[in-house]
Amino acid sequence: MAVVKADLQACQGYANCVIGADDVFDIDDDGVVVVLKAEIPEPDRRRVEDAARTCPVSALVIADDGAGE
Amino acid sequence: MSRPTTVIVGASIGGVRAAQALRAEGYDGEVVLVGDETALPYDKPPLSKAFLAGKATAADITLLDEEQAAAAGVRLELGNGATGLDLAARKVELADGSRLSFDDLVLATGARARPSPWGGRSGVHVVRTAADALALREDLRRGGPLVIVGAGFVGAEIAATATALGIAEVTLVDPVAVPLSRVLNPAVAERFGALHAERGVTTRFGVGVTGIDSGGVRLTDGTRLDAATVVVGIGAVPNDEWLRGSGLTIDDGVVCDRFSRASEDVHALGDVARWFHPRHGRLVRAEHWTNAVEQAACVAHNIVHPGTPRAHAPVEYVWSDQYDWKIQLAGRTGGELAHVLVPGPDPARAFAVLYADRGGGFAGAVVVNWPRASLIARRALAATAALDTVQADIEALTAKEERV
Ligand SMILES: Cc1cc2nc3c(=O)[nH]c(=O)nc-3n(C[C@H](O)[C@H](O)[C@H](O)COP(=O)(O)OP(=O)(O)OC[C@H]3O[C@@H](n4cnc5c(N)ncnc54)[C@H](O)[C@@H]3O)c2cc1C
Ligand code: SF4
């Protein structure tokens, strides 16, 4: 299982991530990313990583569960 | 048998994302990323915004450092630009005289700033590279007056950044009476022009430049603007000269089919690519960040799955940050299309302009300071929708926001 980490400070509301994976990301009325599900099953991981790579400000990280900070 | 090799030429957003997407697709061959600059690959949009302002550092805009490259199995060949391509031998020639063999080749050399046709005395800048932005930042320390020639997105962003840095006298010059009127309808383009004036920037629209000399900028109406620093932001030209004579079709970019293929096993993406866009039925070259990233993903797929290639048929998306305004454009926008204005929750600051094609189909949107409306528009464009439906969906947003 992988986990999604979003840097809400960095997010600029471009919504590229929502276009890439709208089951995982949305934006709120202030234009800040909302992570709809933080835990990503392995089969979805690549698709969600693809979506994270389209974030213009690199606000999204997909990490191994328990790993990292 | 030795492992296959993909050589990617051009080490900015398009090249870096192509390398990462290849690994994500499970590519297990060698990946070599060739760049002409010695700096680690970095991102361009901040060069007219946070990096120019000194708020983002070189590290902040780095796209791939040595550690990340090693982890992804990407060999960096920096400071050694490509000078030629031998298609028959499948080799790229580099500046130091060496030749790299490839099985697949990705062309991602982007574009460079169109040079000033009025000469380049010191204090005259273009902004395309980190070195350009640093040199401009250095000159801006002296204060104004600053004259910016060209009121496209990059010129407008530099005006906004300079104003935020406290430069008192900033003038934005453009020969077009209403800049951006090609991509926006006149009323909206005028609103953007007015934004500069509101923030203290002098605008001289509808007058051309006849020359730039040591003290300033001469205009076609005979006036002269004093300038300590001048920025020329008059567009970009694709870095495709090194491919002339290679056998590829070069025509204001590398001409590609719908699968971003310039030739068998040669792919192009980002600002340098002119590909057949299936939605528009013609060749298109885009100069936007999101296009480079999406095309990189598509090219990586096509390298790994050559039997089932994917066409690159994106919904255009560009953003621009000016002052405290967030401007987002999606799909087709512009003067010849019918349009409606939808006021946002705070109509003075936030609004959406929706454009329709002849049949009333939703064609595109310009959205200001209203990310959710922009998202609705982009989603609708990815499917097919009538303008009325999109308008109703966006209006429902304000109704909802007013209730809370
Ligand atoms: C100041 C500025 C602000 C921008 N702001 C925005 C924005 O707000 N929103 C938006 O959507 N887009 C913006 N853009 C556009 C966006 O940055 C580009 O569309 C994007 O960078 C294109 O990526 P690319 O990789 O195709 O090309 P480039 O970024 O141009 O990168 C090409 C790379 O290839 C290298 N190269 C060139 N020739 C060779 C060679 N022969 N051999 C090896 N390497 C070579 C270059 O040095 C460069 O590093 C902005 C651009 C600039 C310049
Ligand atoms: S793509 Fe990045 S900036 Fe845009 S909404 Fe998603 S997290 Fe925020």
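Below, read A as the first sequence line, B as the second, and so on, with proteins coming before strands; counting in each chain starts at 1. Only a predicted model underlies this, so the values are computations on that prediction, with no experimental measurement involved.
For A:R46, the part sitting under 4.5 Å from any heavy atom of chain B is the side chain, from C-beta outward, and nothing else. For chain A, no part of B:A297 is nearby; none of its heavy atoms comes within less than 4.5 Å. For A:N16, the parts lying near chain B are the backbone and the side chain together; criterion is any non-hydrogen pair under 4.5 Å. In this structure, chain B has a heavy atom under 4.5 Å from the backbone of A:D28, while its side chain stays farther away.
Of residues 53-72 of chain B, not one residue has a non-hydrogen atom less than 4.5 Å from any non-hydrogen atom of chain A.
Between B:P371 and A:G13, the shortest heavy-atom contact is CB-O, 3.6 Å. Shortest non-hydrogen contact noted between B:W289 and A:P56 is CH2-CA, 3.4 Å.
In this structure, CG on A:D50 lies 11.0 Å from CD on B:E294, to the nearest 0.5 angstrom. In this structure, the separation between CZ on B:R23 and CD on A:E49 is 14.5 Å, given to the nearest 0.5 Å.
For B:R372 and A:D26, the salt-bridge test passes: some basic side-chain N is under 4.0 Å from an acidic carboxylate O.
In terms of modelled atom types and a separation under 3.5 Å, the side chain of A:Y14 and the main chain of B:T290 share no donor-acceptor contact. Counting only distance, with no hydrogens or angles, the side chain of B:R17 and the backbone of A:R53 share a donor-acceptor pair below 3.5 Å.
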Mind running side-chain contact (heavy atoms from CB on, under 4.5 Å) on B:R379 and A:D22 for me, showing each step along the way?
-> CA-CA 10 Å; B:R379 277 182 164 151; A:D22 62 4; 3.2 Å; yes
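Partners of B:R349 by side chain to side chain contact (heavy atoms under 4.5 Å, CB included), not counting sequence neighbours, listed by chain and number: B:D324, B:W325, B:D346, B:N369.
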